[in-house]
Structures are given as structure tokens and as C-alpha cells.
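Notes follow the structure.
Because the structure is predicted, anything quoted here is derived from the model rather than measured.
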Amino acid sequence: MGYLTAKQFSEKWGISERRIIKLCKDERINGAIKDGMVWQIPEDTLKPSDKRSNIYKYINMQKRILIVNMKEELITYLQELLEKEGYIVEYKRLDEIENLSKLDKYYEGLIYFSIDNINKREEAFIINFSEKLNSESSIVIVDSKNNKRNKIEEKLAGKFKNEIGLKINTLVLDISKNKDAIINYNEIAEDIIELLIKFKNTTGIAITTDGGKIEFDSKGKTSNLEIGKFYNALNNYFRKLNKGSCLWCASTMLQDEWTEEPQEMKFRVTNLEVANRGVNVERIFIFSKDKIREFKENKTLKIYMQSNIKTLYVDYDEIREKEPQLLETVGNGWDGIDKSTLIVDLPEESNQRGYISKNIKEVMEAYNCFQELKKYAKNLKEVLK
């Protein structure tokens, strides 16, 4: 699907560009997104009805969705994805909408987060709310894994399909109760969107997800993680960092391991985004002086040096001679977050990519090592100029 500008739609619809921009701001044009100072509108978008016309009073042209009992940790991710799909999002608690007659709008979808094991009251709400939907609509229930779970999607699938034509499916969350576990809420939000809009002819199914969960052992460490889980966790951690947080990282560049692989490219972008949000990011690159000429053309280093990231250089040979124990602590490199978390790289020949530690002893050993390395550090720009 392509996009056109407000100016192009002005010519297409025969109304002023200023009027179209106003419609975009008022969320009356489905799928319109703002790219910098320019509004981008899906090329197949229909012209919205004039609010002054009588027909507008009877036909609701907006793509509206209701989310009930929203899980707070999912709000940001789900809101972003729904708005990309052109939805106008409303949030309610079940106790706020006991009287459905107060909802005087029509909707194209419902995302319902079960309170516990869906009871008769909740089931009745879902059935009654279906009257606000049409044959193109979709209901997604988000439920916790439970041996006694009411399989409401199976129970209501036939009813809704026959009477209205809409579909109902469930995303079952098999996630840890451990508060320290890492859950990728972006993945969960993506699964909800898939069930909402992708499975056009599927109804009455339940899909189970673990949310990419990663758990810590009794020592505060995860197991060694495969590439996908490692980068997902890494990006998830970085995405949550805000101004006031500190990111301190050491990389041993004995070989040019900064490749053009998609995972590494994405990781670089995430680093730049973090620094632009005001996070204090310091990166020490450790390599021998005889590599300086080679690394002058290193694309990653060039990008980092032009950003808000404080890039430092430490001579590998000097540290090996004066304080070799620091190199042992650095190992294959790590990213430290404040004084709470260490994301550790594994050797290149390993089948896994790395692990995450909240073990205070390991974290502080790395943090103190980083402070010692800074005593030997030079500005990377000056070294590679």
C-alpha cells in the first residue's frame, strides 16, 4: 500500500490542503500518519463524510476499537501498533461500561483482557458488545494460561459467525509470575494485532505465547541465550531506558566483529535512539594500536563517533601489560545498565550469543572494571582522526 501527501489528496478530493491537514489532526482520516512535518495518507483512503451533512449523524466512518481491562505494561506497544493500522483507540474498565447504552458509537473491534477466569458477567458483556460490531469486526480475548480456563472463543465462535459474521479468538499468556523475568511485551502486542486483523477466516481458536520470556536462576543469571532471544532482550532493555540512566559498555575488537548483519544494524540504531533520549551512554572500544589504521574506516565506529554516544579507546596491549585482570573481566565484552544489569557477550565460536546477569557481585565487578579502564581511555575521535 502506498501513501500520498495532503497536497496530493487536495487535488484528488477537491478540497483544500489545509482542510485535509485538519481532518488528519482530528483523526478523521483512517491510517493517516505524520512523518516529520508532512502527513502521509494511505492512497486508497475514502473521503470522510462532512460532519455538517445529515448522513454523518447516522453513519460512523471512524475505525474505532475498544480495549477493556488493559494491562498497563502493554499500553505503549499496543497503542502504537493499532494507530499504525488506522484505529482510534478507547480504553475502559469493565466496571465503567456496565451500561452499554452509554456507548453510542459503533466499533470495528474489541480487545478484552480477562480479569481472571472469564465469568458469566464478562461473557455477557462480550455477547452484548457484539451488537456494536459488524461482519468485518474482530474480538480478541487476552487470557492467562489456566487449566480451568473457560474456552469462550470456542463457545461463542459459531454464534458470532452465524449471527453477525465477526470472528473471536484468544491469545493465552503463558508468562512467568517471577517479577524479575524478562517479558517481550512488544511480541505480545504483535500477536494481538495478528489475531485482530490477519486471521480473516479463522475463528474460535486460542494461540499460546510465552512472550519470549527469559527467567533468572537463583544466582540472578539467565541461561546462555540464542541469537534471537538475546537481541530481543537487549533491545527490550534499551528501549526502556530514559534520561538519567547510564549505559556503560566495553567491546574487545581484536577482530572486526561489527558486521552488516541485520541484528547488528538494528542494535546500532537502538544505541543511537537511547543516546538521543538523553541516556548517558559510554562505550569503550579495546583494540591494539596496530588496528588503528584498519578501524579508521569502520562504519560502526564512524556512526557512534558522530552521535551523542561518548566513544573511548583503550589500548589492548597496554592493559595486557599493566592490568591483565581487567581484560579477563571484560572477556568478550558486555553492556552494563546502571548498577543493576549486565548483558554479557559469549565467545564468537559459541552456539549462543550471550546471557543477562543481575548478580550484584558480577555487575559491580564489571562496573569497577569499566571505571579502571576509563583511566587509560582516550577520545576515540582523536585516535582515529
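- Closest approach of R283 to C249, counting heavy atoms only: NH1-CB, 3.2 Å.
- Put simply, the side chain of N69 gets close to the backbone of F113: a donor and an acceptor are under 3.5 Å apart.
- One hydrophobic cluster, built from ILVMFWY side chains closer than 4.5 Å, cannot hold both W39 and I15; they sit in different ones.
- For R277 (side chain) and L241 (main-chain N/O), a donor-acceptor pair under 3.5 Å exists by modelled atom type.
- Within the model, atoms CZ of F370 and NZ of K375 stand 13.5 Å from one another, a figure rounded to the nearest 0.5 Å.
- The environment of I227 atom CD1 is sparse: at most 12 non-hydrogen atoms of other residues, nucleotides or ligands sit within 6.0 angstrom.
- K145 contributes no side-chain N or O that, together with a main-chain N or O of T209, makes up a donor-acceptor pair within less than 3.5 Å.
- Taking every heavy atom of both residues into account, P42 and A32 meet most closely at CD-N, 4.0 Å.
- Interatomic distance, S251 OG to Y304 OH, rounded to the nearest 0.5 Å: 7.5 Å.
- The backbone N or O of T5 lies less than 3.5 Å from a partner atom in the side chain of Q8, making a donor-acceptor pair.
- For T170 (side chain) and V172 (main-chain N/O), no donor-acceptor pair under 3.5 Å exists by modelled atom type.
- Here the straight-line distance linking atom CG of L312 with atom CD1 of I284 works out to 5.5 Å at 0.5 Å rounding.
- With respect to K219 and D217, no salt bridge is recorded, no charged nitrogen being found less than 4.0 Å from a carboxylate O.
- Judged by distance alone, the side chain of K12 and the main-chain N or O of E43 form a donor-acceptor pair under 3.5 Å.
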(request) Could you walk me through whether Y316 and L327 pass side chain to side chain contact (heavy atoms under 4.5 Å, CB included), step by step? (result) CA-CA 8 Å; Y316 175 85; L327 293 176; 3.5 Å; yes
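- Between K339 and M364, some side-chain heavy-atom pair lies under the 4.5 Å cut-off.
- The aromatic rings of Y112 and F125 lie tilted to each other, with the angle between the two planes from 30° to 60°.
- L156 has its side chain within reach of I126: a pair of non-hydrogen atoms, C-beta onward, lies under 4.5 Å apart.
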(request) Evaluate the criterion salt bridge (Lys or Arg N to Asp or Glu O under 4.0 Å) for residue pair E123 and K159; output intermediate values, then yes/no. (result) CA-CA 13 Å; E123 181 181 332; K159 174 182 174 65; over 6 Å; no
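- Take F9 and apply the ring-ring contact (aromatic ring centres under 6.0 Å, His included) test, not counting sequence neighbours, and it matches W13.
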(message) Applying salt bridge (Lys or Arg N to Asp or Glu O under 4.0 Å) to E294 and K291, what does each step give before you reach the verdict?
(response) CA-CA 5 Å; E294 177 183 341; K291 291 280 187 179; 3.5 Å; yes
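- Using cut-offs of 30° and 60° for the angle between ring planes, the W334 and W248 rings count as perpendicular.
- Of all heavy-atom pairs between E382 and K385, the closest is OE1-NZ, 3.0 Å.
- In this structure the side chain of F238 reaches within 4.5 angstrom of the side chain of L247, judged on heavy atoms.
- Residues N242 and S245 bring no donor and acceptor atom of their side chains to less than 3.5 Å of each other.
- Applying the 6.0 Å contact sphere to OH of Y367 captures no more than 12 heavy atoms from other residues, nucleotides or ligands.
- I152 contributes atom CD1, which lies 5.5 Å from atom CD1 of I168 (distance to the nearest 0.5 angstrom).
- Using a cutoff of 4.0 Å between basic side-chain nitrogens and carboxylate oxygens, E17 and K7 are not scored as salt-bridged.
- Here E90 contributes atom CD and L66 contributes atom CG; the two are 6.0 Å apart, rounded to the nearest 0.5 Å.
- Both I303 and L384 belong to a single network of hydrophobic side chains, linked directly or stepwise wherever heavy atoms of I, L, V, M, F, W or Y lie under 4.5 Å apart.
- In this structure, D143 contributes its side chain and S114 its backbone to no donor-acceptor pair below 3.5 Å.
- Side-chain contact between L78 and I193 is present, with heavy atoms from C-beta onward closer than 4.5 Å.
- Using modelled atom types, one side-chain atom of S138 and one backbone atom of L196 make a donor-acceptor pair closer than 3.5 Å.
- With respect to the salt-bridge test (charged N to carboxylate O, under 4.0 angstrom), the residues E318 and K378 do not qualify.
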(request) Start with the C-alpha gap between Y91 and I75, add the side-chain angles, then the distance that decides, and say whether side chain to side chain contact (heavy atoms under 4.5 Å, CB included) holds. (result) CA-CA 10 Å; Y91 299 103; I75 287 177; 4.0 Å; yes
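- Contact of the L81 side chain with the I192 side chain is not registered, since no non-hydrogen atoms from C-beta on lie closer than 4.5 Å.
- Between I309 and A275, the closest heavy-atom pair is CG1-CB, 3.7 Å.
- Using a 4.5 Å cut-off on side-chain heavy atoms (C-beta onward), I292 and V383 make contact.
- Between R353 and Y231 there is a side-chain heavy-atom pair separated by less than 4.5 Å.
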(message) Test side chain to side chain contact (heavy atoms under 4.5 Å, CB included) on D191 and I207; report intermediate values, then the result.
(response) CA-CA 9 Å; D191 286 341; I207 296 174; 5.9 Å; no
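- Between Y77 and E187 the shortest side-chain heavy-atom distance does not fall below 4.5 Å.
- Here the straight-line distance linking atom CZ of F216 with atom CD1 of I356 works out to 5.5 Å at 0.5 Å rounding.
- Listed for the N184 side chain is no donor-acceptor partner under 3.5 Å among the backbone atoms of G211.
- Other residues, nucleotides and ligands contribute more than 12 heavy atoms inside 6.0 Å of the NZ atom of K213.
- The backbone N or O of L173 sits nowhere less than 3.5 Å from a side-chain atom of S144 that would complete a donor-acceptor pair.
- Looking only at atom types and distance, the side chain of N235 has a donor-acceptor partner in the side chain of T270 under 3.5 Å away.
- Taking a 6.0 Å sphere around CD of E85, one finds it holds more than 12 heavy atoms contributed by other residues, nucleotides or ligands.
- When every heavy atom of T252 is checked against every heavy atom of G333, the shortest pair comes out as OG1-N, 4.3 Å.
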(message) Go through it in stages, so that I can follow the logic: the residues are Y106 and N134, the test is side chain to side chain contact (heavy atoms under 4.5 Å, CB included), and I'd like the CA-CA distance, side-chain angles, deciding distance and then a yes or no.
(response) CA-CA 8 Å; Y106 288 94; N134 60 60; over 6 Å; no
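- The nearest pair of heavy atoms linking A233 to I214 is CB-CD1, 3.6 Å.
- Residues meeting the side-chain hydrogen bond (donor to acceptor under 3.5 Å, both in side chains) test with S357, sequence neighbours left out: E362.
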